[in-house]
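See structure below.
Just so it is clear: chains get the letters A, B, ... in the order the sequence lines come, proteins before strands, and each one is counted from 1.
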Number of protein chains: 2
Amino acid sequence: MPMRVTADDVARAAGVSRAMVSRAFTPGASISVRKREHVHRVAQTLGYRPNLIARGLTGQRTGLIAVVVGEISRPYEAWLLEHLVKALSAHGYQPLLLAVEGANLTEMLDHALAYQVDGAIVAAGSVSREIADRCRASGAPLVLIGRVLDQGGIDAVCCDNREGMRLLAARLAGQGRRRLAWLGGTPDTFSDQERDQALEAALLDHGLTLTARRRGDFSQASGVEEGGWLLDAGLDLDAILCANDAMALGVLDAAAQRGIHVPDALAVTGFDDIPAAALGRCALTTIRNPVNETAQAALRLLNARLQTPGLAAQVVRVDVALIERISA
Amino acid sequence: MPMRVTADDVARAAGVSRAMVSRAFTPGASISVRKREHVHRVAQTLGYRPNLIARGLTGQRTGLIAVVVGEISRPYEAWLLEHLVKALSAHGYQPLLLAVEGANLTEMLDHALAYQVDGAIVAAGSVSREIADRCRASGAPLVLIGRVLDQGGIDAVCCDNREGMRLLAARLAGQGRRRLAWLGGTPDTFSDQERDQALEAALLDHGLTLTARRRGDFSQASGVEEGGWLLDAGLDLDAILCANDAMALGVLDAAAQRGIHVPDALAVTGFDDIPAAALGRCALTTIRNPVNETAQAALRLLNARLQTPGLAAQVVRVDVALIERISA
DNA sequence: GGTCGTTTTGAAAGCGCGTGCAAAAATGCG
DNA sequence: CGCATTTTTGCACGCGCTTTCAAAACGACC
């Protein structure tokens with residue numbers, strides 16, 4: 001039955017009041033240097049650490065940030081999560097992880113809000129205005145990643161999908177590819193919609209249109225499946241553009257299985273530039289989605305709003321880049 | 001300046017005492033059905049939810065569980081994390097995510113303990129006895145995943161590495177492979193050590209020894225690299241056994257780049273059976289490391305110890321299985 | 001030494017909630 | 001209807017900490 005060491009214990013042992021112990025652990029509090037050191041020393045020997053739960057109850061900040069992410073086992077999500085966690089912990093925050101599967105995002109966020117999180121970073125699901133309002137009502141700033149709410153009013157950071165698609169379209173057009181297919185991801189997904197639209201627009205600029213369109217679920221397996229379908233449909237395709245890298249890698253597999261040479265007979269492009277994209281016998285030509293900068297930007301937004309609640313909402317578009325490898 | 005709705009507000013609005021509000025939200029508390037419903041209704045309209053931080057302060061349980069994992073972007077880690085999160089949330093826990101990079105595990109766990117976590121699940125780094133004791137002193141049970149402390153005394157769940165290696169050795173020996181190489185992972189890793197030892201032992205049973213051994217860092221990139229080294233060394237290898245799937249996939253790439261046919265000219269085996277192992281033009285023969293059961297077992301252990309602190313520590317070995325695909 | 005302006009300190013009031021305890025209300029029974 | 005039980009309720013305290021506020025200690029300066 002282990003009893004925690006409390007500030008009272010330290011106070012008694014150090015011969016000071018509990019308030020002093022609190023101040024000793026509060027940077028910038030009014031306390032003499034001598035006493036602070038003394039208290040620290042005593043605390044050390046007793047093995048005392050301020051209870052952050054109790055601290056969170058009084059102060060306005062718990063240091064907890066809700067991080068909502070989709071299926072973690074997807075390469076992009078995992079990659080992003082890794083950077084988010086690093087960024088959070090660098091800023092002294094602690095991530096409360098919520099993995100959303102389906103429509104229970106509201107419920108999960110509510111649960112997180114009950115933990116008095118200082119804020120939330122949402123990189124999955126679709127955030128309704130209602131949810132956003134509820135967060136604001138709880139005093140927890142919300143930052144979206146990879147999706148922006150068109151009604152505005154919510155901080156978001158998202159890569160420049162339009163520019164990415166333009167770059168890909170230009171490259172393929174420049175290579176003289178004419179019969180192009182689009183392999184989209186899960187519908188109702190912001191990334192899917194924006195990339196899809198952007199592609200159509202960009203192709204138009206080159207006088208091209210899609211020969212075929214097909215839809216997967218952003219997974220490599222669906223890339224194999226739908227890619228296979230496209231290749232078997234007798235469409236005589238030049239290129240397959242995929243809504244993300246995972247599916248593109250799947251398409252690459254499908255092509256290899258059929259003995260179709262990439263990039264000579266077929267170009268394949270991805271989006272995100274996940275680490276695995278550079279590997280494999282046929283490295284992927286793709287668009288770099290700068291995960292690290294995205295995470296940093298998200299935290300910057302969060303911090304800014306935490307310090308100045310009245311700030312106007314802001315949408316940060318992080319720059320993308322064409323990564324030329326060999327698949328296209 | 002949004003003011004949270006507190007139990008007092010609900011009490012006032014419902015014309016009852018604050019204690020009643022508390023009881024209305026405490027399952028099994030002494031309160032009449034009528035009143036509970038009434039309070040719930042009022043709470044609903046006010047948008048009240050019990051503050052879990054405050055609740056955690058009084059009660060012994062915060063519902064927070066520290067989850068320590070290594071590099072999340074690695075497929076296996078991500079996969080495991082996904083299942084852990086699911087399992088935790090199914091049991092009403094909330095994961096506090098700690099990504100350890102380097103030796104600061106102690107520090108991170110200390111920080112988590114300051115949040116009064118109910119327990120910790122550690123799937124990364126090496127846990128010293130000192131750390132374990134500190135956790136126990138804070139009343140937070142520790143459960144290890146994929147590593148067991150040989151001094152014992154700590155709950156752990158880990159797949160049966162020995163049996164896995166036996167199965168692989170038997171298969172390769174049965175195929176008449178004779179010149180085998182081992183591609184190990186990061187040293188000082190429990191998985192690496194146990195799998196390595198187990199392989200040597202298993203091979204001995206078939207009168208075989210390793211022709212070569214090499215070491216990566218569990219990443220696919222290192223698989224490409226070290227696999228390439230092995231293939232270029234003129235060792236005339238029959239088979240390359242890898243300490244995990246990611247490296248095996250890398251080796252597969254390396255072989256493909258060199259035009260070496262798998263499995264005819266070379267067998268490649270992995271370990272874990274991550275989702276990506278089944279994909280690709282050359283599906284991986286590997287050992288299934290049942291992540292889901294692992295996560296479930298970890299939670300069972302955690303719950304058991306939470307309910308009965310005095311319980312003897314237990315090591316659960318989850319069963320593995322040989323997954324026969326085409327790479328070996 | 002005394003006065004005034006500065007730190008430095010301790011007492012006490014919360015933060016939002018759970019819960020033991022005793023009072024109040026409801027119920028059962030004769 | 002009266003009494004003994006049982007259920008339901010409210011009060012008040014405490015969880016571990018932060019933070020006013022006023023008192024105490026300090027130091028400088030005349």
Side-chain angles (χ1 to χ4, degrees), chain A residues 1-40 42-43 46-64 113-118 138-140, chain B residues 1-40 42-43 46-64 111 113-118 138-139:
Chain A
M1 219 67 61
M3 207 48 192
R4 311 182 81 91
V5 183
T6 94
D8 267 315
D9 300 332
V10 178
R12 214 167 306 127
V16 298
S17 75
R18 195 184 58 256
M20 282 300 103
V21 179
S22 172
R23 289 196 252 264
F25 283 92
T26 308
S30 161
I31 182 177
S32 70
V33 183
R34 270 180 52 74
K35 193 139 278 186
R36 161 168 285 155
E37 278 173 0
H38 176 221
V39 170
H40 272 164
V42 173
L46 290 186
Y48 168 78
R49 291 203 51 165
N51 183 327
L52 295 179
I53 291 289
R55 176 177 281 187
L57 191 53
T58 337
Q60 342 297 8
R61 313 179 60 127
T62 55
L64 260 29
L113 287 176
Y115 275 105
Q116 250 187 350
V117 293
D118 291 342
S138 297
Chain B
M1 215 67 62
M3 208 47 193
R4 308 184 83 92
V5 183
T6 93
D8 266 314
D9 301 332
V10 177
R12 214 167 305 125
V16 297
S17 77
R18 200 179 48 67
M20 283 300 103
V21 179
S22 173
R23 289 196 250 266
F25 283 92
T26 308
S30 162
I31 182 176
S32 68
V33 183
R34 270 181 53 75
K35 194 138 278 187
R36 161 167 285 154
E37 280 174 359
H38 177 221
V39 171
H40 272 162
V42 173
L46 290 187
Y48 168 78
R49 290 204 52 165
N51 183 328
L52 295 179
I53 290 289
R55 176 178 280 188
L57 190 53
T58 339
Q60 341 299 6
R61 313 180 60 128
T62 55
L64 260 30
H111 197 224
L113 286 176
Y115 276 105
Q116 251 187 352
V117 293
D118 291 342
S138 297

*Angle, rounded to 10°, between the helical axes spanning five pairs at each terminus of the helix from C:dG1-D:dC30 to C:dG30-D:dC1?*
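So the angle between the two local helix axes works out to 30°.
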
*List in chain and number order the residues that pass side-chain contact (heavy atoms from CB on, under 4.5 Å) with B:Ser17, two or more places apart in sequence or in another chain; answer none if no residue qualifies.*
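Partners of B:Ser17 under the side-chain contact (heavy atoms from CB on, under 4.5 Å) test: B:Ala19, B:Met20.
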
*Report the residues that fulfil side-chain contact (heavy atoms from CB on, under 4.5 Å) with B:Thr58, sequence neighbours left out, ordered by chain and then residue number.*
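Once residues adjacent in sequence are excluded, B:Thr58 has no partner under the side-chain contact (heavy atoms from CB on, under 4.5 Å) criterion.
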
*A:Arg36: what forms a salt bridge (charged side-chain N to carboxylate O under 4.0 Å, His left out) with it, not counting sequence neighbours?*
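Counting only residues at least two positions away or on another chain, A:Arg36 forms no salt bridge (charged side-chain N to carboxylate O under 4.0 Å, His left out).
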
*Partners of A:Asp9 by salt bridge (charged side-chain N to carboxylate O under 4.0 Å, His left out), sequence neighbours excluded?*
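Counting only residues at least two positions away or on another chain, A:Asp9 forms a salt bridge (charged side-chain N to carboxylate O under 4.0 Å, His left out) with A:Arg12.
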
*Apply the side chain to side chain contact (heavy atoms under 4.5 Å, CB included) test between B:Val21 and each candidate in B:Val39, B:Ile31, B:Thr6, B:Thr26; give the one that qualifies.*
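When side chain to side chain contact (heavy atoms under 4.5 Å, CB included) is applied between B:Val21 and each of B:Val39, B:Ile31, B:Thr6, B:Thr26, only B:Val39 qualifies.
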
*Considering all heavy atoms of both residues, which atom of B:Val42 and which atom of B:Ala14 are nearest to each other, and what is their separation?*
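Closest pair (atom of B:Val42, atom of B:Ala14, distance): CG2-CB, 3.8 Å.
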
*Please report the shortest heavy-atom distance between B:Leu57 and A:Ala54, naming the atom on each side.*
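Smallest interatomic distance, heavy atoms only, reads CD1-CB, 3.7 Å.
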
*Under a 4.5 Å cut-off applied to non-hydrogen side-chain atoms, are B:Leu113 and A:Arg49 in contact?*
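Answer no - side chains too far apart.
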
*Using a heavy-atom cut-off of under 4.0 Å over every strand shown, decide if B:Ser32 touches base, sugar-phosphate, or nothing.*
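Sugar-phosphate contact only.
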
*Determine, for nucleotides 23-28 of chain C in 5'-to-3' order, which nucleotides have protein heavy atoms under 4.0 Å from the base (write B), from only the sugar-phosphate (write S), or from neither (write -).*
------

*Let me have a per-nucleotide readout for nucleotides 11-20 of chain C, 5' to 3', with B, S or -, counting only protein heavy atoms under 4.0 Å.*
B-BBBBBBBB

_Partners meeting side-chain hydrogen bond (donor to acceptor under 3.5 Å, both in side chains) with A:Thr62 (sequence neighbours left out)_ =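 side-chain hydrogen bond (donor to acceptor under 3.5 Å, both in side chains) check on A:Thr62 returns A:Asp118.
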
*Go through DNA chain D in 5' to 3' direction and return only the first and the last nucleotide with some atom under 4.0 Å of chain A's heavy atoms.*
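So the outermost contacting nucleotides come out as D:dG16 to D:dT20.
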
*Which salt bridge (charged side-chain N to carboxylate O under 4.0 Å, His left out) pairs, counting each pair once, include a residue from residues 17-27 of chain A, with sequence neighbours left out?*
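Passing the test, one end in residues 17-27 of chain A: A:Asp8-A:Arg18.
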
*Does B:Phe25 have any ring-ring contact (aromatic ring centres under 6.0 Å, His included) partners at least two apart in sequence or in another chain, and if so, which?*
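For B:Phe25, the residues satisfying ring-ring contact (aromatic ring centres under 6.0 Å, His included) (neighbours in sequence not counted) are B:His40, B:Tyr48.
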
_Atom pair CG/CG of A:Leu64 and A:Leu52 - distance to nearest 0.5 Å_ =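 That separation rounds to 9.0 Å.
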
